[in-house]
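In what follows, chains carry the letters A, B, and so on, assigned in the order in which the sequence lines appear, proteins first and then strands, with residues in each chain numbered from 1. Side chains are part of it too, since the values below use all heavy atoms of this structure and drop only hydrogens, waters and symmetry mates.
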Number of protein chains: 2
Amino acid sequence: METKESGQKMTISDVAEALNISKTTVSRAISGKGRIGAETRRRVLEYIEEHNYKPSVIAKGLAQSKSYNIGWVMPSDYSVVDLPFFQKCLMGLLEMAAPVDYDVLVCTVSPDDMSQLERIVENHKVDGVVLGRTLVNDAPAEYLKEKKIPFVVVGSMDDDNVVQVDHDHRSACRELTSILLAKGMTKVALMGGNKNHVVTLNRYRGYLDAMEDMEVPVDNSLVYFDIDNSVLCEHAIEEIMKQKAECILCMDDGICQNVLNILDKKGIKVPTDVRVASFYNSSLLNNYQPAITSLQFDPRELGMVACKLLVDFIEGNEVKKKTHLGYELRLKESTK
Amino acid sequence: METKESGQKMTISDVAEALNISKTTVSRAISGKGRIGAETRRRVLEYIEEHNYKPSVIAKGLAQSKSYNIGWVMPSDYSVVDLPFFQKCLMGLLEMAAPVDYDVLVCTVSPDDMSQLERIVENHKVDGVVLGRTLVNDAPAEYLKEKKIPFVVVGSMDDDNVVQVDHDHRSACRELTSILLAKGMTKVALMGGNKNHVVTLNRYRGYLDAMEDMEVPVDNSLVYFDIDNSVLCEHAIEEIMKQKAECILCMDDGICQNVLNILDKKGIKVPTDVRVASFYNSSLLNNYQPAITSLQFDPRELGMVACKLLVDFIEGNEVKKKTHLGYELRLKESTK
DNA sequence: CTGAAAGCGCTTACAG
DNA sequence: CTGAAAGCGCTTACAG
């Protein structure tokens, strides 16, 4: 109940001594591995409970060549730091990791620098890592494969050997686009993000799928990528409106926020002058008037699932390679 | 179950053997501690460079009773996860930590549960921690004091013994309020956040300071706290407008976003019907029309400074107890 | 300047 | 069922 003798932290030797048994036995009582008498075990557990003994995970790790850490790798791009997406994934990771006694070490990578990632794996500070997003040519993923470190990606990749967890953006975008087309619009513009992100391509494919389904020809002058600042965005909107687009489909809510502001500035009304829909997963568009039709995902759940998969993987269990989480489609006034 | 591959991780013994010297000498060459011949040292450094040997930080940690991790503690409240603030702090932390060979372990706490924090400190997984915000009755801070773990807080507290890094919210708010008053407004409403957060109180104090400076009496029917959902927000706005407030000062951009949406919904125009100002540190209000007058802070810098202070602290150096970072005041159309 | 040895706090064959 | 001992990969008095 009271804190142990002031100062020094208790070690396994202390409890062994106090109980007049060997460290081996104490270790076994705690880990549950190896044979041990029920009564002995009870005594040990009771003692450490009462004296609040907590084994050093560092020492345990050394003995087992493990760190009990998983690495969470997120991009550090300026534009991405404003999106709550990665923060929410991280929350999910943390939530799942603690109960299985893993901790989460964070590091960032940028397209031209993955030294932080290299540090944590080469210093042996993590037992596995989860990559926060996937790129078309994914240097971090290649690196981890080569190093033979267990890892899972939040997102999708072509390689069927890597463990992936993602929402099915292709289907989702196909569904959303279909609904827009079914409403009678044929000129649905697409405002895309970075084409080097796999997610961008998948959404684009879904868009194309829907166009094909509904036999609507694709007009490339309505399709824009790499819209990552307001100048590009404004330019794209001007072109799009020149083509008399009936709807603008935005690939993420950062882009959508930009689009809405520019539309507003230009006095173009939503949904009367043009409809707007988005891939919505943050609060950027909270309470916007009119409410924005969007696809809804759950980043926190991505994090939780990724963590579960990674830990299973690390511990040598069989792991499903590809898991898709559900999404929701929310029709609002912006596409009325 | 795993078979050893030829590419096994190299240990200090391997390099000692290869060079025909002792592990001691290798260790000294790397750490720079202890006497060692310049030539010997050169050989070691050259060898490990060439063979890409990286010492295990885990083992090093065990030997030194250190983990070379710092803990980053952030709240997990639902409302707070949408703000990029903590994510940006974290970026700053990471940026400073890597060069000094520390890694960052993340954990969350909520008002009624700090078990994640207890885990990482009691498992000895961190050498110190930084608390992402301060509360009026700060249980995590109390806990860390009791445990005698080095820690620094991002935010302010009454206890002069704890290392703090913060923006001077009181002065900032005083300055902003003064400017508003100087423009001739006397009815400046205040929409505050959680009164249990120290930052909320400090901003409030700054507001009071300014009112006193300018000899404007404080009207309590213009001051609201704990505005954390749109229902409360709408109610507050109705009351405020009934009092014919000339300006609404919002304590953070989440609140401000809410306020703007409700104002919009009610057809109240900014700045003609009412002025609006905010404490702006995220992208929530990006490109909003009209542009919002606000105080601007730098969360990333907070993280960087906190990291520097903590590492100094951990390594036993003298550390400044209280550091204030600068802020900027941006006057925009919303208070014209 | 360099090395043998003890030690950091655990785990885990191996033996009894 | 239990323990002595070796070992995980480093650091660091201590001695030469």
Regarding A:Ser22 and A:Thr25, do their side chains bring together a donor and an acceptor under 3.5 Å, going by distance alone? yes
A:Tyr68 side chain near C:dC10 phosphate (N/O to OP1/OP2, under 4.0 Å): no
Counting heavy atoms from C-beta on, name the nucleotide in D:dA13, C:dC10, C:dG7 closest to the side chain of B:Arg28. D:dA13
Quantified in whole Å, what is the C1' atom distance between nucleotide D:dG16 and nucleotide D:dT12? 16 Å
Rounded to whole angstroms, how far apart are CD on A:Glu17 and C1' on D:dG3? 15 Å
Under 4.0 Å between a side-chain N or O of A:Tyr53 and OP1 or OP2 of C:dG9? no
Between atom CG in A:Asn20 and atom P in D:dC1, what is the gap in whole Å? 20 Å
Would you indicate, yes or no, if D:dG3 has its OP1 or OP2 atom less than 4.0 angstrom from a side-chain nitrogen or oxygen of A:Thr25? yes
Does C:dT11 have its OP1 or OP2 closer than 4.0 Å to a side-chain nitrogen or oxygen of A:Lys33? no
Could you check whether B:Lys23 gets within reach of a base, just the sugar-phosphate, or nothing at all, counting any heavy atom under 4.0 Å? base
Just to confirm, is there a sub-4.0 Å distance from OP1 or OP2 of C:dC8 to any side-chain nitrogen or oxygen of B:Gln64? no
Can you see if the side chain of B:Ser56 gets near the phosphate of D:dC8 - specifically, an N or O under 4.0 Å from OP1 or OP2? no
Touch check for B:Thr11, heavy atoms < 4.0 angstrom, all strands: base, sugar-phosphate only, or nothing? sugar-phosphate
Expressed in angstrom and rounded to an integer, what is the separation of A:Lys54 atom NZ from C:dC10 atom C1'? 17 Å
Please report the distance, rounded to the nearest Å, between CD1 in A:Ile36 and C1' in C:dT11. 14 Å
A:Lys54 and its side-chain hydrogen bond (donor to acceptor under 3.5 Å, both in side chains) partner, picked from B:Glu118, B:His124, B:Glu122: B:Glu122
With both distances under 3.5 Å as the test, what is the Watson-Crick or G-U wobble partner of C:dA4? none
Examine B:Lys125 relative to A:Tyr68 and say whether NZ or CZ is less than 6.0 Å from the centre of the six-membered ring and inside a 45° cone about the ring axis. no
Calculate, to the nearest 0.5 Å, the distance between atoms NZ and CG belonging to B:Lys321 and B:Leu309 respectively. 10.0 Å
Short side-chain N/O contact to D:dT11 OP1/OP2 from B:Thr24, under 4.0 Å: no
Between C1' of C:dG9 and NZ of B:Lys125, the distance in whole Å: 15 Å
Separation of D:dG7 C1' from A:Ile12 CD1 (nearest whole Å): 15 Å
Assign B:Ser31 to base, sugar-phosphate, or nothing according to its heavy-atom contacts below 4.0 angstrom with the strands shown. nothing
How long is the line joining CZ of A:Arg41 and P of D:dG3, in whole Å? 16 Å
Any strand: nucleotide that pairs with C:dA13 via Watson-Crick or wobble, under 3.5 Å: none
Given atom CG of B:Leu62 and atom P of C:dC10, what is their separation to the nearest angstrom? 9 Å
Pick base, sugar-phosphate or nothing for B:Ile58, based on heavy-atom distances below 4.0 Å to the nucleic acid. nothing
For A:Asn137, does the CG atom sit with more than 12 other heavy atoms under 6.0 Å from it, leaving out its own atoms? no
Touch check for B:Thr40, heavy atoms < 4.0 angstrom, all strands: base, sugar-phosphate only, or nothing? sugar-phosphate
Whichever of B:Ser65 and A:Val26 has its nearest DNA chain C nucleotide further upstream toward 5': B:Ser65
Please determine if a side-chain N or O atom of A:Ser27 lies less than 4.0 Å away from the OP1 or OP2 oxygen of C:dC10. no
A:Asn317 atom CG, over 12 foreign heavy atoms within 6.0 Å: yes
